[in-house]
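Structure, as structure tokens:
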4 protein chains.
Amino acid sequence: MNYIRESTGSEDLRTKRQHILDAAYVVFSRKGYHRATVDEIIALADTGKGTVYNYFVNKEQLFYTLIMEKSAPFEAALMQLVAAKEPALEKVEKAVKLFLHFFMENGDLWRVMMHEIRGLSCEKASGLKEGQKEKYQDWFNRTIGALAQILQDGIAQETIRDCDVTKSAYGLFSVILMMVFQKFVGDDISGMAHMTADIFLYGIAKK
Amino acid sequence: MNYIRESTGSEDLRTKRQHILDAAYVVFSRKGYHRATVDEIIALADTGKGTVYNYFVNKEQLFYTLIMEKSAPFEAALMQLVAAKEPALEKVEKAVKLFLHFFMENGDLWRVMMHEIRGLSCEKASGLKEGQKEKYQDWFNRTIGALAQILQDGIAQETIRDCDVTKSAYGLFSVILMMVFQKFVGDDISGMAHMTADIFLYGIAKK
Amino acid sequence: MNYIRESTGSEDLRTKRQHILDAAYVVFSRKGYHRATVDEIIALADTGKGTVYNYFVNKEQLFYTLIMEKSAPFEAALMQLVAAKEPALEKVEKAVKLFLHFFMENGDLWRVMMHEIRGLSCEKASGLKEGQKEKYQDWFNRTIGALAQILQDGIAQETIRDCDVTKSAYGLFSVILMMVFQKFVGDDISGMAHMTADIFLYGIAKK
Amino acid sequence: MNYIRESTGSEDLRTKRQHILDAAYVVFSRKGYHRATVDEIIALADTGKGTVYNYFVNKEQLFYTLIMEKSAPFEAALMQLVAAKEPALEKVEKAVKLFLHFFMENGDLWRVMMHEIRGLSCEKASGLKEGQKEKYQDWFNRTIGALAQILQDGIAQETIRDCDVTKSAYGLFSVILMMVFQKFVGDDISGMAHMTADIFLYGIAKK
DNA sequence: CATGAATGAGAGTTCATTCAT
DNA sequence: AATGAATGAACTCTCATTCAT
């Protein structure tokens, strides 16, 4: 296994593709989908323009691949948390922490993605073809569904009010996003997670 | 003479500029700032390309004008609410209702605007010039500031916990937005406002 | 005669047209033919856009009219000089003075005109239709022809060498133009005329 | 291998960029800066619109590049002449010949350039940005400065009158230009150079 | 006559994508 | 597989001209 990695060929093959993805991550995050240009990506990736189209069919699919590759480890961790045997209230805080970590790293890219998947109705209203958009929607169904599952467990455990878990999960999700985008989250992610979960769970009205 | 004005006159007097704004509203909302083209706007407004540039200096200022004209009545109502003499807890619910109404109408446009004002640092990271972005930011300072003021009043009235009112206001704002974007809000805006305010104030954990 | 002038109608009629010509003079001189816009002309003339097209068939004819109106008094004076009974050498200096005065006033406009009449061959190579261009060329034939006539008189009077009078006239003309454009001419137009005529007549080589 | 390069290689290597410059030369010369369109240039260059912008940042810089590339060999020859050890009077005639040759080839383009660098004061009075205009002015400072230097040498050698060399150089320059523009120069450039220098040096008045 | 809102042809420029090397 | 020169469709914006009032 080692000798394969050390052979320059395989090393470089993975590298070119990865360099492009890394560069695309930076440029898409900074500029958004439309203002990001392939020229800027290849400049940052230090590669040729044609190379991009060897690995990715077009700009759109490059973006999609980026999203999926960045998401995979986060999704894995989240699913693991859902499956864990723990009180739901504690899982909520841990989930918030996972989301905060993820968005602290990838928030800008996700903001771009979320902006692009709007306009589902019209054929060419978005840069994404009809089939692609559903794949992005699946991401929300999976991750926010995980949050909802935790809340559902809490209801079963009678530590959480009997509410609409999907709406609540989306609400929690949106608060996390806003905290990140407004740069309210500093180095103390754990503390922020605690505070966010606390307000979410117990409200801000005086008891 | 009056009835003549009302038949064709009033129709035509307000027409061109308003038609363009109406068309721009639809196209910007559906396509976002960059994918919206002047050609599509004029097709919808049933006017010539030059006419747009008679009324608006460029695409950006058309967008800005749109935002400000749509926002004005909402802002007025919000400020009136803040100034009213009422318990803060009730004001919160009324404010949520105002926001829900506003975003049910203009949510897509605001999503576009919010996407464009990101990337404040870089020069060309957004379609908006540096000076303009601050004007959009002011909108947030004003409206979310109003929410924060209501919460602050609640703290003074000892009906709301002593929390970071700005963060909390942003949190409430983001939840409202998400409810709208996820189409969780139907015809019963009042009911939704009640539910949202309830969860925000009292949390979802069982007491 | 006076009462006609004072009647507002006739006064204003002449005025509108003249205001437009005055404004056109300023704008064409400053911006050149293409960069001059009708909008800027009407702003300076304080009139409506349609009014321009009431008096002039289009931008091109406005320009042409301007040239001809500005030229008339100069041409008259020049023709008078040619016809005068005077030694040719003195006429040369006086003609130089006339040209200097004229171009000190209208040099920019003439530069613009001279630039526009190029590209005689191609149909649409210039902004001017084929027929129009010849009219401009006539101006040169008339005015430089006058200079040539003076030189020809000088040859007859044996005070000027037997040279190609047309070429020499164009040469003198070009020197005058250059003096004006390079702003080598100050308030002392007479002195400058003397110097220019002196070098033209006697050369700059040491005798 | 070499002959292959010479058949297609050398043709194609220099091709696109040079074709564009060649086409731009023709179109700018014929139409002037503003009436010249990129569409016409690419039609003549038989290339795509984007290709122009691969080689030149914009229309203005294409024009500037054209001017500089056309000027380089002429300037080199002129500077060599100035530095040569020869009587100034002979240098004058040789310089006139150089200028005649140059303007016989590039006169139309230079006329366009000269027209564009006017209106130095106003911001948008010309198609050229403020900083660029100075670069064009430098061309005059260099080339007419070279003429003036020759005249200055003549004064030192006591073969030329003590006159304002800069004004005189501009005068000579303008005469050359006019000869070319009026198509007074035919195939016998040497003869024309002799005549022009003769009149410039010794005047046209009878001794 | 005087007006100026409306117009659209046409300008310069950008950028995702292709393909010969 | 890697490249980047070549491309042209699509974009925003300008401005001379018209015409209903």
Side-chain angles (χ1 to χ4, degrees), chain A residues 9 12-13 16-17 20 33-43 46-62 127, chain B residues 9 12-13 15-17 19-20 34-42 45-62 127, chain C residues 9 12-13 16-17 20 34-43 45-60 62 127, chain D residues 9 12-13 15-17 19-20 34-42 45-60 62 127:
Chain A
D12 282 2
L13 278 177
K16 275 288 168 203
R17 198 188 118 101
I20 292 167
Y33 184 78
H34 282 102
R35 297 192 70 86
T37 66
V38 178
D39 275 311
E40 195 171 357
I41 291 170
I42 62 168
D46 195 31
T47 187
K49 199 177 276 197
T51 310
V52 172
Y53 289 87
N54 283 339
Y55 288 109
F56 310 94
V57 302
N58 55 23
K59 188 183 171 183
E60 178 188 324
Q61 194 248 338
L62 167 59
Chain B
D12 284 0
L13 272 174
T15 292
K16 281 293 155 183
R17 194 190 123 103
H19 279 181
I20 292 167
H34 285 104
R35 294 191 71 85
T37 68
V38 177
D39 275 316
E40 194 173 0
I41 292 170
I42 63 170
D46 191 34
T47 187
K49 199 177 278 197
T51 311
V52 173
Y53 290 91
N54 282 342
Y55 289 108
F56 309 96
V57 301
N58 54 25
K59 186 182 171 184
E60 180 186 326
Q61 194 245 335
L62 168 59
Chain C
D12 282 2
L13 278 177
K16 276 287 168 204
R17 196 189 120 103
I20 292 168
H34 282 102
R35 298 192 70 87
T37 67
V38 178
D39 275 310
E40 196 170 357
I41 291 170
I42 62 168
D46 194 32
T47 187
K49 199 177 274 195
T51 310
V52 172
Y53 289 87
N54 282 337
Y55 289 109
F56 309 96
V57 303
N58 56 22
K59 187 182 171 184
E60 177 188 325
L62 167 60
Chain D
D12 284 359
L13 271 176
T15 291
K16 280 293 156 185
R17 195 189 122 103
H19 278 182
I20 292 168
H34 284 104
R35 295 191 70 85
T37 68
V38 177
D39 275 314
E40 194 172 358
I41 291 170
I42 63 169
D46 192 34
T47 186
K49 200 178 275 201
T51 310
V52 172
Y53 290 90
N54 282 341
Y55 289 109
F56 310 96
V57 301
N58 54 23
K59 187 182 171 185
E60 179 186 327
L62 167 59

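All chains are named by letter (A, B, ...) in the order of the sequence lines, taking the proteins before the strands, and each is independently numbered beginning at 1.
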Which residue lies more 5' along DNA chain E, comparing D46(B) with Y53(A) via nearest heavy atoms: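 By nearest-heavy-atom nucleotide position, the 5'-most residue is D46(B).
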
Quick check: on DNA chain E, is the nucleotide nearest G50(A) upstream (toward 5') of the one nearest T47(C), or the reverse? Name the residue that is more 5'.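 Its nearest nucleotide being more 5', the pick is T47(C).
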
Below 4.5 Å, heavy atoms only, C-beta onward: do V38(B) and I42(B) meet side chain to side chain?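 Result yes, sub-4.5 Å side-chain heavy-atom pair found.
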
May I ask you to test the I41(D)-L62(D) pair for a side-chain heavy-atom distance under 4.5 Å?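 When only atoms from C-beta onward are counted, L62(D) and I41(D) do touch, with a gap below 4.5 Å.
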
Does a nitrogen or oxygen in the side chain of K16(A) sit under 4.0 Å from OP1 or OP2 of dT3(F)?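 K16(A) to dT3(F) OP1/OP2: side-chain N or O found under 4.0 Å.
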
Stems where DNA chain F pairs, listed by first number, each of three or more Watson-Crick or G-U pairs under 3.5 Å: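 Stems found: E:2-21 with F:2-21.
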
Could you check how far [atom1] of [X] sits from [atom2] of [N], rounded to whole Å?
{"X": "D39(D)", "N": "dT7(F)", "atom1": "CG", "atom2": "C1'", "value": "14 Å"}
{"X": "I42(A)", "N": "dA2(F)", "atom1": "CD1", "atom2": "P", "value": "14 Å"}
{"X": "R17(B)", "N": "dG4(E)", "atom1": "CZ", "atom2": "P", "value": "18 Å"}
{"X": "L62(C)", "N": "dT17(F)", "atom1": "CG", "atom2": "C1'", "value": "13 Å"}
{"X": "I20(A)", "N": "dA1(F)", "atom1": "CD1", "atom2": "P", "value": "13 Å"}
{"X": "H34(B)", "N": "dT13(E)", "atom1": "NE2", "atom2": "P", "value": "19 Å"}
{"X": "E40(B)", "N": "dC13(F)", "atom1": "CD", "atom2": "P", "value": "16 Å"}

Quick check: any donor-acceptor pair below 3.5 Å linking the side-chain of K49(D) to the base of dT13(E)?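 Counting by modelled atom types and ignoring angles, a donor-acceptor contact under 3.5 Å is found here.
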
Looking at the base of dA6(F), is there any donor atom on it, or on the side chain of N54(D), that sits under 3.5 Å from an acceptor on the other one?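 Checked by distance alone, the answer is yes.
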
Checking all strands, does A36(A) fall into the base, sugar-phosphate, or nothing category for heavy-atom contacts under 4.0 angstrom?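 Result for A36(A) = sugar-phosphate.
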
Residues in side chain to side chain contact (heavy atoms under 4.5 Å, CB included) contact with A45(B), at least two apart in sequence or another chain: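 A45(B) satisfies side chain to side chain contact (heavy atoms under 4.5 Å, CB included) with H19(B), I20(B), A23(B), T47(B) once adjacent residues are dropped.
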
Report yes or no: is the cationic atom of K59(A) (NZ for Lys, CZ for Arg) closer than 6.0 Å to the six-membered ring centre of Y33(A), at no more than 45° off its axis?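 So K59(A) does make the cation-pi contact.
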
Which residues pass the salt bridge (Lys or Arg N to Asp or Glu O under 4.0 Å) test with D46(B), not counting sequence neighbours?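 If we apply the salt bridge (Lys or Arg N to Asp or Glu O under 4.0 Å) test to D46(B), skipping adjacent residues, there are no hits.
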
Starting at the 5' end of DNA chain F and moving along, which residue's nearest nucleotide shows up first, K59(B) or Y55(D)?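 Nearest nucleotide further toward 5': that of Y55(D).
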
By nearest heavy atom, map V52(D) and T51(B) onto DNA chain F; which one lands nearer the 5' end?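 First, find each residue's nearest nucleotide; the 5'-ward one identifies V52(D).
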
